[in-house]
Amino acid sequence: MAEAHLQPEPAMDEQGALRFDIDLSQPEPIPAVGIARATELMQDGRLHRYGEIKGQLPEPSLLEQEYAAYVGSKYCVALSSCGAAMFVALKTLGVEPGDKVLTSTFTLAPVPGAIAHAGADPVLVETTAAYTPDLQDLERKAASSGAKVFLISHMRGHIADMQAVKSICDAHGIALVEDCAHTMGAKWAGRYSGTWGRVGCFSTQTYKHINSGEGGLLVTDDDDICAKAILYSGSYMIYAQHLCRPPMEVFDRWKHQIPNFSMRMSNAAAAMLRPQLAELPRRARTWNRLYAQLESVLSALPHVLVPARDPQEEYVASSIQFTLDLSPKQIEQVMAFCDRCGLHIKWFGREQAQGFTSNYTHWHYLRQQPAVPASLGLMQGLCDMRIALTLTDQDCQMIGRILRAALLSLNRAHV
């Protein structure tokens, strides 16, 4: 490694002169109106997603109506998690055990988990240095794999050229499903993420854009997909309580064929989410302002690569990713230095999965895969950091100072 030419930080050592005491995963409080509604539900005990008394409007049904309107989709189905939404999406599209499903190499465990849950086999698509699927590799594997679905992951909020992705899928008769766990409120070319494919799947986990602890939303414009998703989610014969649904005769086609997987969102979770939809634009502005600050700070450091974002990508940056152009041993030392300073950065290149972070080499349940060497090389240096909405400009500068000091420590250690 060429030495990073950094001037020493004044009054700095590894033992605590640089400290970062902010939990980057800290969410905002649930809005008071959401807390009040959830408390009301707990007081009367009606926490189930359906009621047996006529005239009741379950909170998930209201949330579905509101979220479909937000993204401009015809339908929305609220589920227990984004993983559940992806699994249900695959089932509605007819994915059967043994089928092939194209998917992103750079993603997190719930994505291949949803494919495994459906009994299918992932076919991994290479990832570019911009953290998006490689469209040339997608074209090759769309033509040769026999896959009927591409489950694309907009991993950590990085959106590929969706016009090109859709064109490739359409040309090969492949249904497009979008994992939008990290792109709620984001757009490509002015069109909401999750509305480019047959199905879009969103997360309401605590660490995402709106927070119910755990939860998922499935959007689609297709009558049959929506009806099947409602039945799979666990509607029993009470699907009429869905306000955002196709005509009842569509359910007649499927109601005796679709099993109940009991994956629907609870009343309390939906009650906490509904007032947060109005907070999304403000949160997006704050996240993107902080992202720009961090991008500027990190890009100024040697051995740190932050890919440029495409102008057509209207992202909602609840996290930031960068690549360290260092050896694995050096990256381990950088991570350890940052940990001692209280700055906890995730690294996708670890030999063993850690916390929420893993990569495709850790998923030993996957069947034999064709080599994806570009993705393997990318993962070795790929780092990830959440962006807390409470960060200040000074906090962003401190993050840069700690990483700068970590790089400087490599020079001092002569590694």
Side-chain angles (χ1 to χ4, degrees), residues 1-2 4-6 9 18 20 22 24-25 104-108 126-134 153-161 182-183 186 188 193 207 284-328 330-335 337-338 341 343-350 357 359 374-389 391-410:
M1 174 193 101
H5 298 294
L6 297 167
E9 187 80 36
L18 290 174
F20 189 80
I22 296 168
L24 291 172
S25 67
S104 306
T105 306
F106 179 36
T107 189
L108 290 174
E126 285 274 28
T127 302
T128 71
Y131 311 142
T132 57
D134 183 311
S153 184
H154 303 310
M155 179 59 173
R156 286 296 190 250
H158 296 275
I159 305 175
D161 180 339
H182 305 136
T183 54
W188 178 269
S193 174
Y207 308 110
R285 288 192 298 271
T286 303
W287 269 317
N288 288 353
R289 180 181 61 77
L290 291 167
Y291 181 92
Q293 288 267 16
L294 288 166
E295 181 183 35
S296 176
V297 167
L298 296 176
S299 296
L301 297 174
H303 306 293
V304 177
L305 308 174
V306 183
R309 310 293 291 243
D310 192 295
Q312 294 189 87
E313 183 188 20
E314 298 176 47
Y315 50 84
V316 179
S318 58
S319 64
I320 188 167
Q321 291 67 49
F322 56 93
T323 300
L324 287 177
D325 184 19
L326 300 167
S327 71
Q330 292 166 329
I331 296 174
E332 284 182 1
Q333 291 178 289
V334 168
M335 296 296 106
F337 185 104
C338 292
C341 294
L343 176 62
H344 304 299
I345 300 171
K346 299 175 180 67
W347 173 34
F348 279 85
R350 293 187 187 277
T357 305
N359 68 54
S375 299
L376 182 61
L378 178 71
M379 297 292 177
Q380 288 177 342
L382 203 158
C383 298
D384 172 40
M385 191 169 60
R386 296 191 195 278
I387 300 176
L389 286 163
L391 285 181
T392 66
D393 294 349
Q394 291 74 24
D395 296 329
C396 294
Q397 292 298 321
M398 178 57 76
I399 289 169
R401 289 178 66 197
I402 290 171
L403 268 169
R404 183 176 182 274
L407 292 166
L408 181 62
S409 74
L410 296 180

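Just the heavy atoms: all of them, side chains too, but no hydrogens, waters or symmetry mates, feed the values below.
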Quick one: salt bridge (charged side-chain N to carboxylate O under 4.0 Å, His left out) partners of [X], sequence neighbours excluded?
X	result
Glu313	Arg309
Asp310	none
Asp395	none
Arg289	Asp393

Looking at [atom1] of [X] and [atom2] of [Y], how far apart are the two atoms once the value is rounded to the nearest 0.5 Å?
X	Y	atom1	atom2	result
Ile399	Leu391	CD1	CG	5.5 Å
Leu410	Leu326	CG	CG	6.0 Å
Asp134	Thr127	CG	OG1	8.0 Å
Cys338	Leu403	SG	CG	4.5 Å
Leu294	Ser319	CG	OG	10.5 Å
Leu324	Ile345	CG	CD1	7.5 Å

Can you list the residues that meet the side-chain hydrogen bond (donor to acceptor under 3.5 Å, both in side chains) rule with [X], with sequence neighbours excluded?
X	answer
Ser327	Gln330
Thr132	Thr128
Thr107	Ser153
Arg350	Gln354

* To do: Please identify each residue that fulfils ring-ring contact (aromatic ring centres under 6.0 Å, His included) with His158, with sequence neighbours left out.
  =>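 Expected list: Tyr131.
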* State which residues pass ring-ring contact (aromatic ring centres under 6.0 Å, His included) with Tyr207; sequence neighbours excluded, sorted by chain then number. =>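 For Tyr207, the residues satisfying ring-ring contact (aromatic ring centres under 6.0 Å, His included) (neighbours in sequence not counted) are Phe356.
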Taking the side chain as everything from C-beta on, heavy atoms only, tell me whether [X] gets closer than 4.5 Å to [Y].
X	Y	result
Phe322	Cys383	yes
Gln321	Arg156	yes
Thr392	Leu290	no
Ile159	Thr183	yes
Leu24	His344	no

* So, the side chain of Trp347 versus the backbone of Pro328: is there a donor-acceptor pair under 3.5 Å, distance only? ->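 Side chain of Trp347 to backbone of Pro328, a donor-acceptor pair under 3.5 Å: no, none is there.
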* Check whether any side-chain N or O of Asn359 sits under 3.5 Å from a backbone N or O of Phe348 as a donor-acceptor pair, and report yes or no. => yes
Which heavy atom of [X] sits nearest a heavy atom of [Y], and at what distance?
X	Y	value
Pro133	Ala160	CD-CB, 4.1 Å
Glu295	Ile320	N-CD1, 3.7 Å
Ser409	Phe337	OG-CD1, 3.8 Å
Gly400	Val297	CA-CG1, 3.2 Å

* Asked: Between Leu305, Val306, Ile331, which is the residue that forms a side-chain contact (heavy atoms from CB on, under 4.5 Å) with Thr323?
  ->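 Of the listed residues Leu305, Val306, Ile331, the side-chain contact (heavy atoms from CB on, under 4.5 Å) partner of Thr323 is Leu305.
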* To do: State which residues pass side chain to side chain contact (heavy atoms under 4.5 Å, CB included) with Ser318; sequence neighbours excluded, sorted by chain then number.
  => His209, Trp287
* By side chain to side chain contact (heavy atoms under 4.5 Å, CB included) - contacts of Asn288 (at least two apart) -> Tyr315, Ala317
* Check the pair Thr105 / Leu378 against side-chain contact (heavy atoms from CB on, under 4.5 Å), numbers first and verdict last. => CA-CA 10 Å; Thr105 306; Leu378 178 71; over 6 Å; no
* Stepwise side-chain contact (heavy atoms from CB on, under 4.5 Å) check, Leu408 with Arg404 -> CA-CA 6 Å; Leu408 181 62; Arg404 183 176 182 274; 5.6 Å; no
* Show your reasoning for whether side-chain contact (heavy atoms from CB on, under 4.5 Å) applies to Lys346 and Arg386. => CA-CA 9 Å; Lys346 299 175 180 67; Arg386 296 191 195 278; 3.7 Å; yes
